Amino acid sequence: KRSTMAGLGIIVSFISVIVLVFGLLQRTKAKRVADAPFVSTLDAGSRGKEVASPKGAISAQGQVRCDQPVIAPMSGTPSLWYKIKVTASWKDGNENKTKELETQQAAASFSINDGTGEVWIDARKGGDFSPTLTRSDTKGTGLIGGITGQELVFGNHRIQPGIMSIGTKYTVSEECLPVENRLYVCGVVGDRSITAPGWRNLLISNKTREELFSSATKNAKMMLMGGAGTFGLGMVLTIVGMVFFNTPDAKASTATTTSASVPADQADNGDTTADTDKSKDAAVTDPTATDDAKPASKPAGHATTKPTTHAAAVTPASAKPITPAAHH
């Protein structure tokens, strides 16, 4: 019971840490939206450095224009951006191994326009995009395909496993930003464009700036409060389980084991002592008794006790017979 409660507390604490991390990420997103100057698409495209923050942060929203979307290879979805990853997995003895074989992403050339003019969006590095469509599929080569290196097809994406790939499974994961009518973009000033910061993600959302800020702020508050409360609960369960929750069954088991072992030893010592005392009493009661009359003291059940030897029945080898005197 103690270990179960402590284990539950550790699990709850671990989950709470994950929730807290997501809460911090949501708060960071809300702060980025609030701190980036919100300007018209014309100003963002024509004089971005003048209207951006000292660190180059800028944001705008407008109608999307994309003349040639990219096609997500696996699902065939017309997209503004997609990313695809191929992973191989196999078993080596009792160990499962995985290896990333391929990762590629691509972005279409598109712009947003709020009616004042357009600004181009550079999404080639990816980022925090919403909404995104995700898809994943896993296939194996089979016996014949593994020997011959048969090609695997995932929609419009093809994999060449190579020969002797028996038992290997291949997983293709795809994420894409479908073509939307209207988007909000938060990043830094590029070459007449908005692009991804050097160490942060480019934010793209089909929500308005106000909707995205409100949603991120609400999510951050809920996750941070919930994560903190859950973490406290997990710590309480862990402490109670490890320190205070001492089961009586464990104590009873320990006491029973101790009481069962100690009297057994004492009983053995007592029996031996009693047998020894009896032998002494017999010798004191009849001091003139011959060895033949002495009872054998062999305590029952003790293999280490030796039986008494009757000394009267043994004639010493050195004793000489007494010859009677002759009578004249």
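This structure is a prediction, so every number in the text was calculated from the model and none was measured.
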(request) Mind running side-chain contact (heavy atoms from CB on, under 4.5 Å) on M74 and D137 for me, showing each step along the way? (result) CA-CA 9 Å; M74 186 175 175; D137 193 10; 3.2 Å; yes
(request) Please step through side-chain contact (heavy atoms from CB on, under 4.5 Å) for the pair S173 and T134, ending with a clear verdict. (result) CA-CA 7 Å; S173 302; T134 59; over 6 Å; no
(request) Mind running side-chain contact (heavy atoms from CB on, under 4.5 Å) on I112 and Y184 for me, showing each step along the way? (result) CA-CA 9 Å; I112 57 174; Y184 166 80; over 6 Å; no
(request) Carefully, step by step, assess S59 and V33 under the rule side-chain contact (heavy atoms from CB on, under 4.5 Å). (result) CA-CA 8 Å; S59 65; V33 173; over 6 Å; no
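Two residues are said to be in side-chain contact when any heavy atoms from C-beta on lie closer than 4.5 Å; R47 and R192 fail this criterion. Counting heavy atoms from C-beta outward, T87 and V172 have side chains that stay 4.5 Å or more apart. Within the 4.5 Å cutoff, the side chain of T4 has no heavy atoms near those of the L8 side chain. Residues I71 and T77 fail the side-chain proximity criterion, which asks for heavy atoms closer than 4.5 Å. Counting heavy atoms from C-beta on, the side chains of L202 and V185 come closer than 4.5 Å. Side chains of K169 and K91 form no contact here, defined as non-hydrogen atoms less than 4.5 Å apart. In this structure, the side chains of P131 and N206 come closer than 4.5 Å at one or more pairs of heavy atoms. Residues V70 and S79 have side chains in contact (heavy-atom distance under 4.5 Å, counting atoms from C-beta outward).
Using a 30° and 60° split on the angle between ring planes, W81 and F129 fall in the perpendicular class, above 60°.
Across all non-hydrogen atoms, the minimal contact from E174 to S75 is OE1-OG, 2.6 Å. The two residues T132 and P178 come nearest to each other via the heavy atoms CA-CD, 4.4 Å. When all heavy atoms are compared, the tightest approach of S109 to W120 is OG-CZ3, 3.6 Å. The minimum heavy-atom distance between L20 and L224, with the atom names listed, is CD2-O, 3.6 Å. Counting all heavy atoms, side chain and backbone alike, R32 lies closest to L203 at NH1-CG, 3.8 Å. Shortest non-hydrogen contact noted between T168 and A88 is CG2-CB, 4.1 Å.
Linking Ile, Leu, Val, Met, Phe, Trp and Tyr whenever their side-chain heavy atoms come within less than 4.5 Å leaves Y82 and I204 in two separate clusters. Residue M235 is grouped with residue V17 when hydrophobic side chains (ILVMFWY) are merged at heavy-atom distances under 4.5 angstrom, including chains of intermediate members. F38 is not connected to V119 by any chain of hydrophobic side-chain contacts under 4.5 Å among Ile, Leu, Val, Met, Phe, Trp and Tyr, and they are in different clusters. Linking ILVMFWY residues whenever their side-chain heavy atoms come closer than 4.5 Å, directly or via other members, places I194 and V179 in the same cluster. Both V86 and L152 are part of a single hydrophobic cluster, where members link through side-chain heavy atoms under 4.5 Å apart.
With a 4.5 Å cut-off between side-chain heavy atoms of Ile, Leu, Val, Met, Phe, Trp and Tyr, the cluster of L133 takes in none.
Atom CG of residue L24 and atom NZ of residue K31 lie 13.5 Å apart, to the nearest 0.5 angstrom. How far NZ of K85 is from OG1 of T171: 10.0 Å, rounded to the nearest 0.5 Å. In this structure, NZ on K83 lies 7.5 Å from CD on E175, to the nearest 0.5 angstrom. Separation of atoms OG (S214) and NZ (K207) is listed at 8.5 Å; rounding is to 0.5 Å. The structure places OG of S53 at 8.0 Å from CG of D35, a figure rounded to the nearest 0.5 Å. A distance of 10.0 Å separates CG of L101 from OG1 of T98, quoted to the nearest 0.5 Å.
Scanning for salt bridge (Lys or Arg N to Asp or Glu O under 4.0 Å) contacts around K218 gives an empty result, with sequence neighbours left out. For the salt bridge (Lys or Arg N to Asp or Glu O under 4.0 Å) test, residues two or more places apart in sequence or in another chain that qualify with E118 are R65.
Panel note: side chain D43, backbone V39; no donor-acceptor pair is recorded below 3.5 Å. In this structure, S215 contributes its side chain and E211 its backbone to no donor-acceptor pair below 3.5 Å. Here the side chain of S89 pairs no donor or acceptor atom with the backbone of K97 at under 3.5 angstrom. When atom types are taken as modelled, the side chain of D114 and the backbone of T41 share a donor-acceptor pair closer than 3.5 angstrom.
Under the 6.0 Å distance and 45° angle rule, K139 counts as a cation-pi partner of F154.
The neighbour count for N96 CG, taken as heavy atoms of other residues, nucleotides or ligands under 6.0 Å away, is above 12. Heavy-atom contacts from other residues, nucleotides or ligands closer than 6.0 Å to CZ of R182 number more than 12. Heavy atoms of other residues, nucleotides or ligands lying less than 6.0 angstrom from CD of Q68 number 12 at most. Residue R209 qualifies as enclosed at atom CZ: its count of foreign heavy atoms under 6.0 Å is above 12.
For the side-chain contact (heavy atoms from CB on, under 4.5 Å) test with F14, the passing option among I10, I18, V12, I11 is I18; the others fail.
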